[in-house]
Amino acid sequence: MMSEDGRNGVGSPSGSVGADGEPIVSPQSMRRSSQGSVFNPMPHEVPAYGESCACPNPVLLDSVPASRDRLVIAMVGLPGRGKTFVARRIANYLSFFHGVAVENLNVADVLRSITGGRPTRAAMFDPSNEESLALLTRARARAIEDTIRFLDSGTQFSKAVIVDGLNSNVAQRQWIIDGLRHKGCTVLFIESVLTDDDKLEHNIREICSTLPDYAMLSPDDALADYRARVVLCERVAQPIDDDGSEAHLSWIRIRDFRRYEVNNVHGFLQGRVVQLVMNLTDATHEFYLTRHGQSEYNKLGKIGGDAPLTDDGRMYARRLAEFAKKVICRNAHGDAVPARLWTSGLRRTKETAAFIEHPTLEVCLPPPLGKLQWVQMRAREWRHLDEIYAGICDGMTYDEIQQLYPEEFELRHADKLGYRYPRGESYLDVCHRLEPVILEMERCRQPLLIIAHQGILRLIYAYFCGIERAKAPHVSIPLNTVIQLQPCTYSCVETRELLHTKFAPNADGQAEPRRAVDQDGLDRAMKKMGLSPAPCRPQLAAPAEHLSFQTYTMDLAAAPPSPASRDLQWIEEPPSH
């Protein structure tokens, strides 16, 4: 029997009905046993998140690797060519979307640790300076030792090490191959070449303003020293496979982030790296993330569904349209610029975008392409951006879930990342379907507005801000707020703009019950699922209120965020999926 809202009532315990008179489906009867279930057909079981054996709540292999791949990526190229930018994007991508344990080793950081934090000057790269050469050799050797130590550390899943250094001649690259030959790992070289003088100058100026070596120098002195460093490195540089002697190696060459050469690259992770690299752009781009306006389900405290907007939601939609016209579609000089708009396939996001204007701009393209008629903010609908599907809990309030399915409620509270609603999705499932969206975002060169849902935006936000995915389900994405992200090499600059204040940003009607976990109930639930009881998570502090035009810089090069900054990013049980 199929209910009006599409939930299957077959298999309900006798006499168990909800408030609307519909049969209540037992989640335990829905979950797949070793013989399978007609109520919730699923693919064959795979290792569970964080486990080495099959369990009743499996996740996708793409999200949790089951192999023992060992990949070492060595960056190649002169200073200022974007190597560190590429290295950090790869590290974040493999870790977030494929569960790979990643170590990003910057040889310059290793060198500073050897010299006691002494700033590195151009003379360090003089090939005729024997003392400097000895220090550089020690730094490279230490990086290889750290690579081997990481590869040998105890885990059965995939690992990747990124050696971010010059590696600019044949001898240095062969030294890496020889040093890792006995480890049975794959070595992939990635060379970044930049021939655009204007872009190179932009990169050098940005690097000089952020590089620790130049913290005590004036901008002019820093520029002069860095340019001298580039000249000294050019003396010994040899492009990869320049004479045909490295055709047997695995390598990728990036030319101006527009042309690519791929040589002798095989394997799943290597293929994913190629896919990511070919979608990266060195152009400065901005993303604007916002949830839909308040929906009728928000007001009632229900999750999921496809409800229309409330009057408050439509008011926010009008203000968002004005914000898009005056801010997103204009540059710093007030001139109109091409901009993009993406929504999910659900009604509430499309209604939120309904008031955004779509004028036509004439865009001049590089010769010989001529001019293009660009439709401003033409909406692109992505089903990939649809909210996490709550399965049999779709259309319920959190209080109803807690009352009708207490064991499911406790399991979800214990592991929001890996928990999958019966006949629904988990955050790991959503990670899998968001990967194509992220690749499109990486290659996007225009300002982009995404109108989606809290669960979806949590993952997008966490990826670009360098927050590990285990913490992504606890990121706060309030209603009525536009979050502007500008990814940079070492950081992601964030600005939040509150557009509608008729009701508090977090009063969206989806507040989950805030209480301590019933540990005994959780242990019983996990034992029924065949899982080992786990301790509850520590409570995190509630976030400070988000005000208009707050700007934060997420330092991707630093250690995990401090408690003070963490409070601005996530809370234990945010008011949504």
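Since this is a predicted model, take the numbers as computed values, not measurements.
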Sub-3.5 Å donor-acceptor pair from the side chain of [X] to the main-chain atoms of [Y], do we have one?
| X | Y | value |
| --- | --- | --- |
| Glu206 | His202 | no |
| Asn264 | His248 | yes |
| Lys83 | Gly165 | no |
| Glu246 | Asp241 | yes |
| Asn167 | Met75 | yes |
| Asn203 | Gly80 | yes |
| Arg433 | Asp386 | yes |
| Asp256 | Arg258 | no |
| Ser132 | Asp126 | no |
| Lys199 | Asp282 | yes |

Can you name the closest pair of heavy atoms from [X] and [Y] and give their distance?
| X | Y | value |
| --- | --- | --- |
| Ala122 | Ala228 | CB-CB, 3.8 Å |
| Leu166 | Gln172 | C-OE1, 4.4 Å |
| Trp374 | Val363 | CB-CG2, 3.6 Å |
| Val110 | Ser113 | O-OG, 2.5 Å |
| Cys208 | Ala222 | SG-O, 3.6 Å |
| Pro478 | Thr481 | CG-OG1, 3.7 Å |

Any side-chain heavy atom of [X] sitting closer than 4.5 Å to one from [Y]?
| X | Y | value |
| --- | --- | --- |
| Tyr427 | Arg458 | yes |
| His98 | Ser158 | no |
| Phe125 | Arg235 | no |
| Leu499 | Thr290 | no |
| Arg340 | Cys444 | yes |
| Ile73 | Ile90 | yes |
| Ile254 | Met278 | no |
| Arg229 | Thr120 | yes |

Return the orientation label for the Trp382 and Trp342 ring planes: parallel under 30°, perpendicular over 60°, tilted otherwise. tilted
Using only heavy-atom distances, determine whether the side chains of [X] and [Y] contain a donor-acceptor pair under 3.5 Å.
| X | Y | answer |
| --- | --- | --- |
| Thr489 | Thr84 | no |
| Glu494 | Tyr461 | yes |
| His453 | Ser344 | yes |
| Ser218 | Asp220 | no |
| Gln484 | Glu497 | no |
| Tyr463 | Glu442 | yes |

[atom1] of [X] to [atom2] of [Y]: how many Å apart, nearest 0.5 Å?
| X | Y | atom1 | atom2 | result |
| --- | --- | --- | --- | --- |
| Leu111 | Leu136 | CG | CG | 6.0 Å |
| Asp196 | Leu200 | CG | CG | 8.5 Å |
| Asn169 | Ile240 | CG | CD1 | 11.0 Å |
| Met441 | Thr281 | CE | OG1 | 13.5 Å |
| Leu448 | Glu440 | CG | CD | 10.0 Å |
| Asp152 | Thr147 | CG | OG1 | 10.5 Å |

Can you pull the salt bridge (charged side-chain N to carboxylate O under 4.0 Å, His left out) pairs that have at least one residue in residues 130-146, sequence neighbours excluded? Asp146-Arg149
Where at least one partner belongs to residues 105-115, residue pairs that pass salt bridge (charged side-chain N to carboxylate O under 4.0 Å, His left out), sequence neighbours excluded: Asp109-Arg112, Arg112-Asp213
Please assess Cys233 against Val230 for the test side-chain contact (heavy atoms from CB on, under 4.5 Å), listing each intermediate value before the final yes or no. CA-CA 5 Å; Cys233 291; Val230 173; 5.8 Å; no
Residues, nucleotides or ligands: over 12 heavy atoms within 6.0 Å of Arg378 CZ: no
Hey, is CZ on Arg445 packed in by over 12 heavy atoms from elsewhere, all under 6.0 Å? yes
Looking at Lys159 and Glu103, does any basic side-chain N land under 4.0 Å from a carboxylate oxygen? no
Charged N to carboxylate O under 4.0 angstrom, Glu191 versus Arg173? no
Those residues that, when tested against Arg205, pass salt bridge (charged side-chain N to carboxylate O under 4.0 Å, His left out) (two or more places apart): Glu201
Can you list the residues that meet the salt bridge (charged side-chain N to carboxylate O under 4.0 Å, His left out) rule with Asp178, with sequence neighbours excluded? Arg181
Could you pull out all residues at least two apart from Phe287 that satisfy ring-ring contact (aromatic ring centres under 6.0 Å, His included)? His285, Phe464
Tested for side chain to side chain contact (heavy atoms under 4.5 Å, CB included) against Ser250, the lone hit among Leu71, Leu188, Val187 is Leu188
Single hit among Ile451, Leu457, Ile450 for side chain to side chain contact (heavy atoms under 4.5 Å, CB included) with Leu385: Ile450
Run the side-chain contact (heavy atoms from CB on, under 4.5 Å) test on Ile328 and Met377 for me, step by step, so that the C-alpha distance in whole Å, both residues' side-chain angles and the decisive distance to 0.1 Å come before the verdict. CA-CA 10 Å; Ile328 301 176; Met377 285 283 185; 3.5 Å; yes
Go through the structure and list residues passing side-chain hydrogen bond (donor to acceptor under 3.5 Å, both in side chains) with Asn263, not counting sequence neighbours. none
What's the verdict on side-chain contact (heavy atoms from CB on, under 4.5 Å) for Asp221 and Asp225, showing C-alpha distance, side-chain angles and the deciding distance? CA-CA 6 Å; Asp221 290 342; Asp225 186 87; over 6 Å; no
Can you list the steps and then say if Phe96 with Leu459 is a side-chain contact (heavy atoms from CB on, under 4.5 Å)? CA-CA 9 Å; Phe96 199 91; Leu459 293 171; 4.0 Å; yes
